Novice: 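Below is the structure I would like to discuss, written out as structure tokens.
Atoms within each ligand, like the ligands themselves, are counted from 1 in listed order. Quantities reported herein were computed from a predicted structural model and do not represent experimental measurements. When reading the values below, keep in mind they use all heavy atoms of this one structure, side chains included, and skip hydrogens, waters and symmetry mates.
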Amino acid sequence: MRAILLGPPGAGKGTQAETIVNEFKIPHVSTGDMFRKNIKEQTQLGKKVKSYLDKGALVPDELTVEIVKDRISQVDCKNGFLLDGFPRTLEQANALDNVLSELGQKLDYVINIEVDSKLLIDRAVGRRICKDCGQTYHLLFNKPTKEGVCDKCGGELYQRKDDTEETVANRINVYQNQTQPLIEYYTNKGCIININGEQSIDKVSRDIISNLRGE
Ligand code: ADP
Ligand code: ADP
Ligand code: ZN
């Protein structure tokens with residue numbers, strides 16, 4: 001299965017990605033995670049993209065398309081992958097179409113997680129992530145058993161630098177201007193699945209999985 005997770009910042013893409021990739025045994029390809037890893041490791045790419053992530057602006061399309069192209073050309077993506085946070089512009093969507101056609105592959109689904117912007121700031125500002133394994137929590141909606149500690153690995157939880165109210169508001173704006181047009185683009189291609197993301201994490205997962213299974 002080749003699928004895309006689409007949705008505004010804080011909609012639950014990363015949270016749902018975990019369930020989907022376990023269910024369908026495909027790699028999780030998150031551009032945000034790849035950029036953060038490069039920033040942490042202070043690579044050439046990391047140095048180029050840091051200021052964009054800090055502001056909540058989009059990284060230029062050329063850089064973004066290139067890392068995705070490299071990633072989905074690897075052998076473990078041959079039989080499928082889940083893209084999370086890519087594409088985010090029409091240019092990226094067109095570039096993805098070209099890469100897939102070069103690879104002789106076809107996109108199966110675009111899972112569009114719908115959440116009203118009123119809820120997004122609280123979701124993103126309350127987000128906490130494990131420093132060691134990357135597991136995502138929420139201060140109110142998805143608490144770890146012990147405050148500040150990862151249930152899975154005991155690692156310390158931290159807050160993303162771009163999860164402040166101001167930066168999230170900017171990211172929501174960027175989403176509305178640059179990414180929302182993709183909903184129409186993929187609706188016209190007939191591969192979109194719209195999911196109500198304002199339900200519990202488990203209910204959203206069940207809705208996504210049953211849709212992907214064609215139930
Ligand atoms: P969220 O899911 O909360 O919106 P992400 O982890 O997907 O956050 O993205 C974090 C940041 O990484 C974005 O604000 C942007 O700077 C950069 N980024 C991620 N994916 C893309 C993309 N497809 N195009 C451009 N920039 C991106
Ligand atoms: P995205 O990758 O789209 O930016 P995340 O999956 O990181 O979003 O979720 C953002 C925050 O909201 C996290 O703290 C997560 O635990 C929480 N969250 C995710 N889905 C839900 C939901 N259905 N209801 C309440 N909180 C949620
Ligand atoms: Zn952990």
Novice: Hey, does R88 come in under 3.5 Å of ligand 1, counting only N/O atoms on both sides?
Specialist: yes
Novice: So is F35 polar-close to ligand 1, meaning N/O to N/O under 3.5 Å?
Specialist: no
Novice: Which ligand 2 atoms are under 4.0 Å away from a heavy-atom of T15?
Specialist: 5 (P), 6 (O), 9 (O), 15 (C), 19 (C)
Novice: How long is the span from the CZ atom in F141 to the CZ atom in R123, to the nearest 0.5 Å?
Specialist: 7.0 Å
Novice: I'd like to know if G7 contacts ligand 2, where contact means a heavy-atom distance under 4.0 Å to any ligand atom.
Specialist: no
Novice: Rounded to the nearest 10 degrees, what's the angle SG of C153 makes with SG of C133 at the Zn ion (ligand 3)? Could you check?
Specialist: 120°
Novice: What atoms of ligand 2 come within less than 4.0 Å of a heavy atom belonging to Y137?
Specialist: 13 (C), 14 (O), 16 (O)
Novice: For ligand 1, find out whether one of its N or O atoms is nearer than 3.5 Å to an N or O atom of A57.
Specialist: yes
Novice: Between ligand 1 and D162, is the shortest N or O to N or O distance under 3.5 Å?
Specialist: no
Novice: For ligand 2, is there an N or O atom under 3.5 Å from any N or O atom of K13?
Specialist: yes
Novice: May I ask you to list the atoms of ligand 2 that are less than 4.0 angstrom from any heavy atom of F141?
Specialist: 25 (C), 26 (N)
Novice: Report the angle formed at the Zn ion (ligand 3) by atom SG of C150 and atom SG of C130, rounding to the nearest 10°.
Specialist: 110°
Novice: Answer with side chain, backbone, both or neither: which part of A17 has a heavy atom less than 4.0 angstrom from an atom of ligand 2?
Specialist: neither
Novice: Is the contact between Q16 and ligand 2 made by the side chain, the backbone, both, or neither, using heavy atoms and a 4.0 Å cut-off?
Specialist: neither
Novice: R36 heavy atoms, cut-off 4.0 Å: which ligand 1 atoms fall inside?
Specialist: 6 (O), 10 (C)
Novice: Under 4.0 Å from ligand 1, counting heavy atoms only, is it the side chain of R127, its backbone, both or neither?
Specialist: side chain
Novice: Would you check whether G10 reaches within less than 4.0 Å of ligand 2, judged by its heavy atoms?
Specialist: yes
Novice: If you measure every N/O of L58 against every N/O of ligand 1, is any gap under 3.5 Å?
Specialist: no
Novice: Going by the order shown, which atoms of ligand 2 are within less than 4.0 Å of some heavy atom of N142?
Specialist: 16 (O)
Novice: Would K55 count as a contact of ligand 1 if the rule is a heavy atom under 4.0 Å away?
Specialist: no
